[in-house]
Amino acid sequence: MKYDDIVVPDTAACRLALEVATEFHSPSLLNHSIRAYLFAAAHGQGHGIAFDAELLYVASMLHDIGLTKEFDSHTVPFEEAGGHVAWVFGAGAGWPAERRRRAAEVIVRHMWDAADVPEDDPEGRLLELSTAMDISGRQTEEIPEPLRSEVLARHPRLDLVKEFAACVTEQGTRKPDSIAAGFVRGGIADKLARNPLNS
């Protein structure tokens, strides 16, 4: 599979989601969000997994928006805050309530353990996997080398290792019962630093 083989939906909602992500994310988090979609879609296409490309794209662009200062929440984990933003975004895009709920659900579930994401949620499963690939390095060997090289060349990691480790550590410190706190205790900073995608 090559970069140009990946289905990237071109809808009004997708264009606006990218605009929102570009406005509020740092360059490192923006590239991470784009890679999250590309790796998710490539895996889905390569393994014959049917998925809603628009829903997955929007969720990918907004999945970490709860880490930004503008949308950070002091009361709920960052993935739940991101889910709330996605629900509101979907309302603005004219999506029906069920589709808004699904966008929020996919974002919340990207932080779950893979085994806990329901089989009937392909977008949630794909986003969980792709973000794990990009952050902790899980299953990166499944990304074909030519595709991996082109994705990283077009959307480099920049300061992701340092920046994401700091964001998640700060979230975990303020929200000790959150999944982010569990990731910190599980050594997420070290996994980020050792991710094969860094090289």
Side-chain angles (χ1 to χ4, degrees), residues 3 6 8 13-41 56-90 92 103-104 106-111 126-138 140 143 148-175 178-184 186-199:
Y3 188 101
I6 300 173
V8 179
C14 291
R15 291 190 294 273
L16 288 171
L18 177 60
E19 184 176 340
V20 170
T22 302
E23 177 69 22
F24 294 104
H25 285 107
S26 69
S28 296
L29 277 181
L30 174 62
N31 283 0
H32 163 64
S33 299
I34 294 170
R35 289 193 305 272
Y37 174 78
L38 294 172
F39 291 150
L56 179 60
Y57 187 92
V58 170
S60 297
M61 292 307 107
L62 302 179
H63 79 277
D64 277 343
I65 201 158
L67 292 174
T68 67
K69 60 183 175 58
E70 292 85 355
F71 297 103
D72 182 22
S73 170
H74 288 266
T75 59
V76 299
F78 80 88
E79 67 273 18
E80 291 184 24
H84 296 323
V85 172
W87 194 99
V88 173
F89 175 90
V106 170
I107 289 174
V108 169
R109 289 176 177 173
H110 95 273
M111 287 288 284
L126 289 170
L127 188 59
E128 185 283 326
L129 173 61
S130 68
T131 54
M133 287 174 163
D134 206 53
I135 296 300
S136 66
R138 193 182 89 215
T140 53
I143 306 169
R148 177 168 64 179
S149 295
E150 189 166 8
V151 168
L152 290 171
R154 292 192 188 198
H155 311 287
R157 293 176 70 75
L158 304 176
D159 295 323
L160 182 69
V161 172
K162 180 179 178 181
E163 183 179 334
F164 195 86
C167 285
V168 173
T169 298
E170 196 268 343
Q171 288 281 321
T173 299
R174 283 196 286 118
K175 306 166 190 178
S178 67
I179 295 174
F183 282 4
V184 173
I188 189 67
D190 184 55
K191 290 175 183 176
L192 265 163
R194 291 187 290 107
N195 191 323
L197 298 180
N198 294 334
S199 56

Name the orientation class of the two ring planes belonging to His155 and Tyr3 (parallel below 30°, tilted from 30 to 60°, perpendicular beyond 60°). parallel
Answer whether the closest heavy-atom distance between the side chains of Asp64 and His110 falls below 4.5 Å.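 They are in side-chain contact.
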Spacing of Trp87 atom CH2 and Ile107 atom CD1 [to the nearest 0.5 Å]: 13.5 Å
Value for CZ (Phe164) from CZ (Arg157), rounded to nearest 0.5 Å, stands at 10.5 Å
Hey, is Glu19 close enough to Arg15 for a salt bridge, meaning N to O under 4.0 Å? no
Who are the side chain to side chain contact (heavy atoms under 4.5 Å, CB included) partners of Pro27, not counting sequence neighbours? Leu158
Go through the structure and list residues passing side chain to side chain contact (heavy atoms under 4.5 Å, CB included) with Thr173, not counting sequence neighbours.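 Thr173: side chain to side chain contact (heavy atoms under 4.5 Å, CB included) contacts with Thr169.
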Those residues that, when tested against Glu79, pass side chain to side chain donor-acceptor pair (under 3.5 Å) (two or more places apart):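 Listed in chain order: nothing, the list is empty.
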Using side chain to side chain donor-acceptor pair (under 3.5 Å) as the criterion, list what pairs up with Ser149, not counting sequence neighbours. Glu145
Restricting to ring-ring contact (aromatic ring centres under 6.0 Å, His included), what partner residues turn up for Tyr57, sequence neighbours left out? Tyr37
Strictly by modelled atom types, are Glu163 and Ser26 linked by a side-chain donor-acceptor pair under 3.5 Å?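 Their side chains do contain a donor-acceptor pair, which is all the 3.5 Å distance test asks for.
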Shortest non-hydrogen contact from Thr131 toward Ala36: CG2-CB, 4.0 Å
Taking only residues two or more places apart in sequence or in another chain, which ones pass salt bridge (charged side-chain N to carboxylate O under 4.0 Å, His left out) with Lys175? Asp72
